[in-house]
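Contents: one structure, followed by commentary.
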Amino acid sequence: DAKTTQPNSMESNEEEPVHLPCNHSTISGTDYIHWYRQLPSQGPEYVIHGLTSNVNNRMASLAIAEDRKSSTLILHRATLRDAAVYYCILRRLGGAQKLVFGQGTRLTINP
Amino acid sequence: SQTIHQWPATLVQPVGSPLSLECTVEGTSNPNLYWYRQAAGRGLQLLFYSVGIGQISSEVPQNLSASRPQDRQFILSSKKLLLSDSGFYLCAWSVLLIRNLEAFFGQGTRLTVV
């Protein structure tokens, strides 16, 4: 499974944008970039995914580098409820489509 | 709509006792099913996954086993629990559709082995 690298922790202020980086230099052509987040004492929650093009949904935006070796999850206006551990995961199309979690980035939002 | 049920929510079991955690999915057919464990303060570790009835793949050797007796039922078991089996156990499902690659997680079972 291709590996991702994320900062252990990040901090931001409420109502400001947050950019969460992820490096995945060994990504292959069939790997989708997924982001999940986990709030305390809950199961992970899907945030967004993409393959090559930037993606937007109601929760966040995903910016993917042209060479696909890195990506950035963008929370446009952070709220206190966005405080969570954010996981960047590569998920290969086909087979079991395993989701292998790394350590993620613990995001703290200051009021 | 699809839902995933996982129970119990919390469990305290003595060392050496058996374990059975059940996960069921509603509203979809032939899902991929997964069991994860999260030890206190640690990341999520994939334990087992299944692509069909009776098909189980183990990711790490351990004191646990999994079974899938029905299409939408996934069971995690142990014959004799160890202290190190304590953790937060999560079941998840996804379907093999290119345009629908999300995985959905249950609310988890917090297991404490004493």
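Basis for what follows: all heavy atoms, side chains included, without hydrogens, waters or symmetry-related copies. Letters A, B, ... mirror the listed sequences (proteins, then strands); counts begin at 1.
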Tell me, for A:Glu45 versus chain B, whether the close heavy atoms (under 4.5 Å) come from the side chain, the backbone, both or neither. neither
Mark yes when over 12 heavy atoms from residues, nucleotides or ligands other than A:Asn8 sit less than 6.0 Å from its CG; otherwise mark no. no
A:Phe101 side chain near B:Leu46 side chain, heavy-atom distance below 4.5 Å: no
I'd like to know if A:Val47 and A:Val55 are part of one continuous hydrophobic network [Ile/Leu/Val/Met/Phe/Trp/Tyr, side-chain heavy atoms within less than 4.5 Å]. yes
Indicate the atoms forming the closest heavy-atom contact of A:Arg91 with B:Ser94, along with that distance. NH2-OG, 2.7 Å
What about A:Ile74 and A:Val18, same hydrophobic cluster or not, with Ile/Leu/Val/Met/Phe/Trp/Tyr joined at side-chain heavy-atom distances under 4.5 Å? no
So do A:Tyr46 and B:Phe105 actually touch side chain to side chain, heavy atoms under 4.5 Å? no
Should we say atom CZ of A:Arg106 is surrounded by more than 12 heavy atoms from elsewhere, each under 6.0 Å from it? no
Just so I know, are the side chains of A:Pro44 and B:Leu90 near enough to count as touching, which here means a heavy-atom distance under 4.5 Å? yes
Are B:Val15 and B:Leu19 connected in a single hydrophobic cluster, I mean Ile/Leu/Val/Met/Phe/Trp/Tyr linked by side-chain heavy atoms less than 4.5 Å apart? yes
How long is the straight-line distance from CZ of B:Phe88 back to CD of A:Gln38, given to the nearest 0.5 Å? 7.0 Å
Are the side chains of A:Lys98 and B:Asn32 in contact, using a 4.5 Å heavy-atom criterion? no
Contact leader toward chain A among B:Ser57, B:Gly43, B:Ala103, where contacts are heavy-atom pairs under 4.5 Å: B:Ala103
Tell me every residue that passes side chain to side chain donor-acceptor pair (under 3.5 Å) with A:Asn56, counting only those two or more places apart in sequence or in another chain. A:Ser61
Heavy-atom distances under 4.5 Å only: say whether B:Gln38 touches chain A with side chain, backbone, both or neither. side chain
Let me check something: do A:Leu20 and A:Leu80 share a hydrophobic cluster, defined by ILVMFWY side-chain heavy atoms less than 4.5 Å apart, either directly or through other members? yes
Quick one: do B:Trp7 and B:Val12 end up in the same hydrophobic cluster if we chain Ile, Leu, Val, Met, Phe, Trp and Tyr together by side-chain heavy atoms under 4.5 Å apart? no
Mind checking which of residues 69-77 of chain B sit less than 4.5 Å from chain A, heavy atom to heavy atom? none
Check: B:Glu102 and A:His34 side chains under 4.5 Å, non-hydrogen atoms: no
